[in-house]
Every structure is written in C-alpha cells, then in structure tokens.
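Since the structure is predicted, the reported quantities are computational estimates derived from the model, not experimental observations. Throughout, numbering of the chain's residues begins at 1 and tracks the sequence.
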Amino acid sequence: MMESFRQWWSGRTAREHVLLIIMGVLVALVILWLCVYRPVESALRQSALDNMDAAQRYGSVLRKVELIKQAGSAASASSLPVEQIVGQSAGEAGFTLDRVQAQGNDRVELAIASARSTALMAWIVSLEAQGVVVEKAMISPSGGTGTVSAQITYKRAGS
C-alpha cells in the first residue's frame, strides 16, 4: 500500500505536491474544528447556561426560605379561630375553598380544586405571617392548565 502511494506521489509535479499538502492541512483543520472545537465549545456554553439557571433557582429558594423565616419570627397570634383566619385570607387571595372542615379552634382542613401554584405558595406564606402554619399538605397537578389542586391542614403556630 505504501509502495503504491509512493508511486502515485512521485508521479505528481512539485506544484501538485504543494497543493496536496495545503489541501491536507486544510482538511485536517476542518476535521479538528468540526470534531473537537465545536463540541467542546458547545458543551462549555451549555454548562454555563445550566450553571446560571441553577444559581437563579438557588437564589429564588434562598429568598423564599428567608421569607418563611421572617414570617415565622413575626407571626402575630390572633384570637380568632383558625377557620375564620384561613377563610378570610382565602377570600382576599381569590381562592375558592371547596371544602372547609374545622377541627376545633386551632385546626382546619380545607380543599382547593384549582389554583396557580405560585399564588398558592404566596398565600401559604402570608398565612404563616398571621400565625397559622401548615400541618399537612398534599398538592398535585390539576390537569394540563398549569394549575394545582390542594388539600391542606392548617394549625395555629405553637399548638
């Protein structure tokens, strides 16, 4: 095989030798660019985007944790029954409560058929600021509309 290549090469002129060498270098550069540089550069760009997304999610979680901590430390105890506090707050937040079951003055269980998840979480945080905390919650997707359904049990903080 090498012998046939040598014969082929020796059959070329000096000008063709130069052109073939230039062509070989250019082909090698294109192959390196397509097979090495572009995949590595693409992976680096994607990892930078993933890192930025993770940092934004981390910052969002830290803000929410801080809000919850502030709400817990600034919880104001109300003498109203938990059922009344939750019902009034749900009405102000625009939620329709499908089921409300009082379990004494310090506990209430409720169901919401459809709510936006961000609005629901904000409402839960606002209730914690009023001294009413979640004891148990089951939140699940509600169809393909981007809403959730929730079954939540609230209790008065400290009870």
A.B. asks: Is there a side chain to side chain contact (heavy atoms under 4.5 Å, CB included) between R116 and V148? Walk through the geometry before answering.
C.D. replies: CA-CA 6 Å; R116 292 264 178 220; V148 294; over 6 Å; no
A.B. asks: Considering residues, nucleotides and ligands other than R12, do more than 12 of their heavy atoms fall under 6.0 Å from its CZ?
C.D. replies: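 Yes, because the 6.0 Å sphere around CZ of R12 holds more than 12 heavy atoms from other groups.
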A.B. asks: My understanding is that only residues two or more places apart in sequence, or in another chain, count here; which of them pass side chain to side chain contact (heavy atoms under 4.5 Å, CB included) with V27?
C.D. replies: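 Applying side chain to side chain contact (heavy atoms under 4.5 Å, CB included) to V27 gives M23, I31.
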A.B. asks: Identify whether L29 and W33 are in the same connected component of the hydrophobic contact network (ILVMFWY, side-chain heavy atoms under 4.5 Å).
C.D. replies: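 No; tracing contacts between hydrophobic side chains, which count when under 4.5 Å, never links both residues.
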A.B. asks: State, yes or no, whether a side-chain contact exists between L32 and Y37 at a heavy-atom distance under 4.5 Å.
C.D. replies: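 No, every pair of side-chain atoms sits at 4.5 Å or beyond.
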A.B. asks: Determine yes or no for a side-chain-to-main-chain donor-acceptor pair under 3.5 angstrom, with E16 supplying the side chain and T13 the backbone.
C.D. replies: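 Flag set: sc E16 to bb T13 pair under 3.5 Å.
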A.B. asks: So Q103 and E109, do their side chains get closer than 4.5 Å, heavy atoms only?
C.D. replies: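 With C-beta onward as the side chain, the pair touches.
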A.B. asks: Between W123 and V86, is there a side-chain heavy-atom distance shorter than 4.5 Å?
C.D. replies: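 In contact.
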A.B. asks: With a sphere of 6.0 Å drawn around CZ of R15, does it hold more than 12 non-hydrogen atoms of other residues, nucleotides or ligands?
C.D. replies: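 Result for CZ/R15: open.
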A.B. asks: Grab the two heavy atoms, one from R38 and one from L34, that are nearest each other, plus how far apart they are.
C.D. replies: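 Closest heavy-atom pair between R38 and L34: NH1-CD2, 3.8 Å.
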A.B. asks: Report whether V100 and I85 are members of the same hydrophobic cluster (ILVMFWY, side-chain heavy atoms less than 4.5 Å apart, transitive linking).
C.D. replies: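 V100 and I85: one cluster.
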A.B. asks: Taking the side chain as every heavy atom from C-beta outward, state whether V134 and L127 have any pair of such atoms under 4.5 Å apart.
C.D. replies: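 Not in contact.
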A.B. asks: To the nearest 0.5 Å, tell me how far K136 NZ sits from K155 NZ.
C.D. replies: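 Rounded to the nearest 0.5 Å, the NZ-NZ separation comes to 12.5 Å.
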A.B. asks: Answer yes or no: is there an ion pair linking R107 with E83, defined by an N-O contact shorter than 4.0 Å?
C.D. replies: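 So R107 does not pair with E83 through a salt bridge.
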A.B. asks: What is the distance from atom CG of N51 to atom CD of Q56, rounded to the nearest 0.5 Å?
C.D. replies: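 Reported to 0.5 Å precision, the distance equals 10.5 Å.
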A.B. asks: Within this structure, what is the OG1-CE distance for the pair T153 and M138, rounded to the nearest 0.5 Å?
C.D. replies: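 Separation between the atoms: 9.0 Å.
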A.B. asks: Using the test salt bridge (charged side-chain N to carboxylate O under 4.0 Å, His left out), find all partners of R63 that sit at least two apart in sequence or belong to another chain.
C.D. replies: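 Result, salt bridge (charged side-chain N to carboxylate O under 4.0 Å, His left out) vs R63: none returned.
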A.B. asks: Would you check if the side chain of H17 reaches a backbone N or O of S10 as a donor-acceptor pair within less than 3.5 Å?
C.D. replies: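 Checked: no pair found.
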A.B. asks: Is any side-chain heavy atom of D98 less than 4.5 Å from a side-chain heavy atom of I112?
C.D. replies: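 No - every pair of side-chain heavy atoms lies 4.5 Å or more apart.
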A.B. asks: Looking only at non-hydrogen atoms, find the nearest pair between G87 and L97 and report the distance.
C.D. replies: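 The answer is CA-CD1, 4.2 Å.
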A.B. asks: Is there a path of hydrophobic side-chain contacts, each under 4.5 Å between heavy atoms of I, L, V, M, F, W or Y residues, that connects V133 with L80?
C.D. replies: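 No; tracing contacts between hydrophobic side chains, which count when under 4.5 Å, never links both residues.
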A.B. asks: List for me each residue that meets ring pair (Phe, Tyr, Trp, His ring centres under 6.0 Å) alongside F5, sequence neighbours excluded, and say none if there are none.
C.D. replies: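 Checked F5 against ring pair (Phe, Tyr, Trp, His ring centres under 6.0 Å); matches are W8.
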A.B. asks: Kindly compute the distance separating CG (L120) from OG1 (T147), expressed to the nearest 0.5 Å.
C.D. replies: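 If we round to the nearest 0.5 Å, L120:CG and T147:OG1 are 10.5 Å apart.
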A.B. asks: Quick one: OH on Y154 to CD on E128, what's the gap to the nearest 0.5 Å?
C.D. replies: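 Result: 8.0 Å between the selected atoms.
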A.B. asks: In Å, rounded to the nearest 0.5 Å, how long is the span from OG of S47 to CE of M52?
C.D. replies: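 Going from the OG atom of S47 to the CE atom of M52 covers 11.5 Å.
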A.B. asks: Got S126 and S89 here, is their nearest side-chain heavy-atom distance under 4.5 Å?
C.D. replies: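 The answer is yes, as the side chains (C-beta and beyond) meet within the 4.5 Å cut-off.
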